[in-house]
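Every value quoted in this text rests on a predicted model; they were computed, and no experiment measured them. Starting from 1, each residue takes its place in the sequence as its number.
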Amino acid sequence: MNQAGKQVYDVLVVGSGATGGWAAKRLSEAGVKVALVEAGRQQSDKNFTEHEPAFKLKYRDMAPEVIRRTRPVQKDCYACMEYNYDWFCNDLDEPYTTDKNMPFSWQGRMRITGGRTNVWGRQSYRMSDLDFKAASHDGYGMDWPLSYKDVAPYYDIVEEYVGITGIPEGVYELPDGKFQPPMGLTCAETLLRSRVKEKLGRTVTLGRSANNTQPTNGRPPCHYCGPCERGCITHSYFNSYFTTVADALKSGNCTHIPNAMVYKVLMDPERNRARGLLYIDRNTRQPKEVYGRVLVLCAQSLESVRILFNSADRQYPTGLANSSGVLGHYLMDHITGGGASGELPQLGGKPSINGPNRPDGIYVIRFRNTEKGPRYKKFLRGYGFQGGGGVSFNWGAPGFGPAFKKAIQDPVVTVSLGAFGECLARWDNYVEINPKVVDAFGIPVLNFHMKYGENELAMVPDMAESAAEMLEAAGAKNIQTQANPSAPGWAIHEVGIARMGDDPKGSVLNQFQQSHDVKNLFVMDGAGFTSTACQNPTLTMMALCVRSCDHLMQEMKRGNI
Ligand SMILES: Cc1cc2nc3c(=O)[nH]c(=O)nc-3n(C[C@H](O)[C@H](O)[C@H](O)COP(=O)(O)OP(=O)(O)OC[C@H]3O[C@@H](n4cnc5c(N)ncnc54)[C@H](O)[C@@H]3O)c2cc1C
Ligand code: SF4
């Protein structure tokens with residue numbers, strides 16, 4: 001209780017997604033009293049529709065324009081569909097702005113317990129010291145204030161709990177993890193894997209995906225129905241709603257406060273300590289307060305930084321915890337848009353409409369600017385490919401009627417690869433508050449100022465060429481290349497805007513994602529990333545979050561927080 005007789009939690013965690021779920025679990029299971037403050041409404045298994053056919057829906061999932069009426073940005077996300085669009089924010093209620101000629105597609109703004117993990121693609125990759133120490137390797141940017149050996153034990157903890165299918169490969173650039181048995185590769189993928197290794201020395205592996213292939217903490221293995229982004233009644237993929245958050249609630253030490261849109265951090269300026277949160281109740285639109293001894297922001301990088309900007313006060317006029325002036329800068333998102341697809345007519349098979357539908361694909365491990373390899377002249381850093389191959393119906397068959405029905409059954413074996421490339425951390429890419437625009441709750445919104453630089457753009461044609469080279473190595477025909485750089489935001493991997501570093505003058509957070517300025521304030525989502533690597537970021541976010549929670553608890557015990 002505080003002086004006014006109001007409850008004071010040990011820790012307030014903002015956001016119940018990938019990171020907030022882990023923070024709530026790790027802390028509450030250790031006996032810490034946590035309030036989990038979440039902007040979205042409660043998720044429920046009743047909302048899961050992965051087995052529901054489209055004909056049961058009002059618009060058969062065929063009317064994107066209806067969804068665009070309220071979610072013009074969110075509908076750009078492939079996972080936002082008639083089945084689940086009300087899990088995503090209403091873009092009219094929650095807008096943002098961009099500078100002229102700088103489009104940014106802010107997708108995946110979930111407003112439901114579990115955040116983005118309800119719909120994510122589940123690809124889960126470790127980073128290596130080639131990533132954590134990238135600046136030492138090639139001279140660009142800043143090293144992370146930690147190294148692989150610091151994070152490795154936490155990768156182990158997270159992987160063992162989450163359940164990740166994968167194949168160990170022994171490649172330095174993509175460290176192996178604690179994998180569950182691999183989902184199988186198709187014939188097309190097996191051919192690509194062996195030919196690419198033989199002829200080009202590159203590693204094509206199974207996508208490392210957070211889908212269980214063996215029973216995991218009471219969750220049965222995946223039964224290959226396919227559309228995980230619509231939920232999973234057997235809880236066979238990783239969604240923090242039915243895993244970490246459920247565990248936190250089970251501990252008896254976690255109070256979930258849904259529909260609470262956090263506006264700002266409340267400060268005690270005399271002691272330079274955060275003391276609570278001001279939030280707007282989404283249902284009543286009334287302001288409310290909640291109090292805690294420690295604050296952990298896990299609202300997704302951009303939303304957490306928005307909260308810090310909106311918490312500016314006399315002591316921190318440019319944003320809370322921003323004595324460095326770095327807050328909001330170094331925004332990164334992977335560049336996409338380069339790749340290739342082709343056919344493997346030497347293979348056949350019987351296509352099936354009913355599956356099984358493996359909820360995973362393949363991954364090509366980064367092969368440019370590797371640890372021991374030569375420096376690539378065209379750009380710094382590298383990219384990895386995601387893709388897949390298999391047999392499908394010949395949808396493009398000519399004719400109609402019985403002839404078409406017959407022709408469509410001729411199997412077509414295709415294989416495709418699309419890359420995710422590292423985005424360099426640049427001061428010029430930033431977010432700030434647009435004081436002229438507020439959302440439906442009266443909270444000032446973010447303005448984006450971001451575009452890809454020469455290094456990212458140089459990767460895209462190279463992605464197309466190298467993908468075609470690999471498909472050729474596998475004997476593919478009709479190879480089509482793509483080299484159309486995506487606008488920032490499309491990879492949905494936004495990180496870096498409250499970066500970690502040893503020097504408080506050039507960074508916002510220390511290696512434990514603790515504010516240099518305000519000791520009882522942490523930002524445990526992707527905002528702390530010092531660079532973005534080319535791997536999907538969420539596994540690293542979760543591992544860092546667990547590590548930081550352990551540090552936080554030690555500091556609490558020592559009386560330092
Ligand atoms: C379609 C899709 C596919 C993806 N695929 C992959 C993939 O294959 N691999 C990968 O690594 N990553 C993937 N990602 C990204 C991944 O989902 C995110 O990196 C990860 O979920 C981020 O975790 P987080 O805890 O920071 O935020 P989230 O998981 O988004 O959770 C944030 C939570 O905070 C809440 N919140 C936001 N603002 C406030 C506020 N002001 N007050 C209170 N609560 C707030 C939100 O409602 C949300 O529930 C994908 C994302 C999407 C959308
Ligand atoms: S494919 Fe597997 S994990 Fe995905 S919804 Fe179906 S059973 Fe669940």
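- Under the 3.5 Å distance criterion, the side-chain polar atoms of Ser304 are matched with a main-chain donor or acceptor of Ala299.
- Formation of a donor-acceptor pair under 3.5 Å by the Asn510 side chain with backbone atoms of His516 is not found in this model.
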Please assess Asp131 against Arg366 for the test salt bridge (Lys or Arg N to Asp or Glu O under 4.0 Å), listing each intermediate value before the final yes or no.
CA-CA 11 Å; Asp131 306 306; Arg366 168 180 169 180; 3.7 Å; yes
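- Under the 30°/60° scheme for interplanar angles, the aromatic rings of Phe379 and Tyr383 are found to be tilted.
- Using a 4.0 Å cut-off between charged nitrogen and carboxylate oxygen, Arg208 and Glu159 do not count as a salt-bridge pair.
- The closest side-chain heavy-atom distance from Asn536 to Gln386 is below 4.5 Å.
- Between Trp144 and Leu544, some side-chain heavy-atom pair lies under the 4.5 Å cut-off.
- A salt bridge is defined here as a Lys NZ or Arg NE, NH1 or NH2 lying under 4.0 Å from an Asp or Glu carboxylate O, and Asp10 with Arg293 meets this definition.
- The two residues Ala498 and Leu509 have their closest heavy-atom pair at O-CD1, 3.2 Å.
- At a cut-off of 3.5 Å, with distance as the only test, a side-chain donor of Gln123 or Tyr125 sits close to an acceptor on the other residue.
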Please walk me through it: do Val431 and Trp106 pass side-chain contact (heavy atoms from CB on, under 4.5 Å)?
CA-CA 12 Å; Val431 287; Trp106 192 5; over 6 Å; no
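- With hydrogens and angles disregarded, a donor-acceptor distance shorter than 3.5 Å links the side chain of Asp176 to the backbone of Glu169.
- Residues Met110 and Gln300 have side chains not in contact (no heavy-atom distance under 4.5 Å, counting atoms from C-beta outward).
- Ionic pairing of Lys25 and Asp247 is present here: one or more N-O contacts between side-chain nitrogen and carboxylate oxygen are shorter than 4.0 angstrom.
- Between Pro269 and Arg314 there is no side-chain heavy-atom pair separated by less than 4.5 Å.
- Formation of a donor-acceptor pair under 3.5 Å by the Ser240 side chain with backbone atoms of Gly17 is found in this model.
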In sequence, state the C-alpha distance, the side-chain angles, and the governing distance for Asp143 and Ser136, and then conclude on side-chain hydrogen bond (donor to acceptor under 3.5 Å, both in side chains).
CA-CA 7 Å; Asp143 280 343; Ser136 297; 2.4 Å; yes
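- Defined by atom type and a distance below 3.5 Å, a donor-acceptor pair is missing between the side-chain atoms of Gln535 and Thr540.
- Considering Leu521, Asn310, Val508, Ile307 in turn, Leu521 is the only one that fulfils the side-chain contact (heavy atoms from CB on, under 4.5 Å) rule with Leu320.
- The shortest distance between side-chain heavy atoms of Phe88 and Glu94 does not fall below 4.5 Å.
- Atom NZ of Lys178 has 12 or fewer neighbouring heavy atoms from other residues, nucleotides or ligands inside a 6.0 Å radius.
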Name the atoms and distances for all side-chain donor-acceptor pairs under 3.5 Å in residues 325-335, with sequence neighbours left out.
unit_1: His329; atom_1: ND1; unit_2: Trp427; atom_2: O; d: 2.8
unit_1: Tyr330; atom_1: OH; unit_2: Arg499; atom_2: NH2; d: 3.4
unit_1: Asp333; atom_1: OD1; unit_2: His493; atom_2: N; d: 2.8
unit_1: Asp333; atom_1: OD2; unit_2: Gly489; atom_2: N; d: 2.8
unit_1: Asp333; atom_1: OD2; unit_2: Trp490; atom_2: N; d: 3.4
unit_1: Asp333; atom_1: OD2; unit_2: Ala491; atom_2: N; d: 3.2
unit_1: His334; atom_1: ND1; unit_2: His493; atom_2: ND1; d: 2.8
unit_1: His334; atom_1: NE2; unit_2: Thr532; atom_2: O; d: 3.3
unit_1: His334; atom_1: NE2; unit_2: Thr532; atom_2: OG1; d: 3.4
unit_1: His334; atom_1: NE2; unit_2: Ala533; atom_2: O; d: 3.0

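- Counting heavy atoms from C-beta on, the side chains of Met267 and Val518 come closer than 4.5 Å.
- Within the 3.5 Å criterion, the main-chain N or O of Gly108 finds a donor-acceptor partner in the side chain of Gln74.
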side-chain hydrogen bond (donor to acceptor under 3.5 Å, both in side chains) between Ser209 and Asn211, worked out
CA-CA 6 Å; Ser209 187; Asn211 292 85; 2.7 Å; yes
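- Aromatic rings of Phe441 and Tyr263 (six-membered ring for Trp) have centroids beyond the 6.0 Å cut-off, not under it.
- By the neighbour-count criterion of 12 heavy atoms within 6.0 Å, atom NZ of Lys133 is densely surrounded, having more than that number from other residues, nucleotides or ligands.
- Listed for the Ser28 side chain is no donor-acceptor partner under 3.5 Å among the backbone atoms of Asn253.
- For Asp281 (side chain) and Lys288 (main-chain N/O), no donor-acceptor pair under 3.5 Å exists by modelled atom type.
- Using a 4.5 Å cut-off on side-chain heavy atoms (C-beta onward), Leu308 and Asn322 make no contact.
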Let me see the working for Met261 and Asp439 under side-chain contact (heavy atoms from CB on, under 4.5 Å), right down to the final yes or no.
CA-CA 11 Å; Met261 185 73 195; Asp439 65 15; 4.2 Å; yes
Evaluate side-chain contact (heavy atoms from CB on, under 4.5 Å) for Thr244 paired with Tyr161, printing each intermediate quantity in order.
CA-CA 9 Å; Thr244 47; Tyr161 176 85; 3.7 Å; yes
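- The backbone N or O of Leu380 lies less than 3.5 Å from a partner atom in the side chain of Asn455, making a donor-acceptor pair.
- Of all heavy-atom pairs between Ile433 and Pro444, the closest is CG2-CB, 3.7 Å.
- Taking the six-membered ring where the residue is Trp, Phe238 and Trp22 present parallel rings, their angle staying beneath 30° rather than reaching 60°.
- Ion pair Arg111/Glu303 flagged as a salt bridge, since at least one NZ, NE, NH1 or NH2 atom sits closer than 4.0 Å to an Asp/Glu carboxylate oxygen.
- Residues satisfying the salt bridge (charged side-chain N to carboxylate O under 4.0 Å, His left out) criterion with Arg375, sequence neighbours excluded, are absent altogether.
- The side-chain heavy atoms of Leu266 and Glu289, taken from C-beta on, include a pair separated by under 4.5 Å.
- Residues Cys298 and Val13 approach most closely at SG-CG1, 4.4 Å, considering heavy atoms.
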Residue pair Tyr172, Thr370: steps toward the side-chain contact (heavy atoms from CB on, under 4.5 Å) verdict
CA-CA 9 Å; Tyr172 178 86; Thr370 53; over 6 Å; no
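- With respect to the salt-bridge test (charged N to carboxylate O, under 4.0 angstrom), the residues Asp550 and Arg547 do not qualify.
- With sequence neighbours excluded, the residues satisfying side chain to side chain contact (heavy atoms under 4.5 Å, CB included) with Val437 are Pro95, Thr97, Asn434, Val445.
- With salt bridges taken as basic N to acidic carboxylate O contacts below 4.0 Å, none links Glu494 and Arg306.
- Using a 30° and 60° split on the angle between ring planes, Tyr237 and Phe242 fall in the perpendicular class, above 60°.
- A donor-acceptor pair is defined here as one N or O able to donate and one able to accept, closer than 3.5 Å; no such pair exists between the side chain of Asn520 and the backbone of Arg273.
- Under a 3.5 Å cut-off, the side chain of Ser128 and the backbone N or O of Leu130 do form a donor-acceptor pair.
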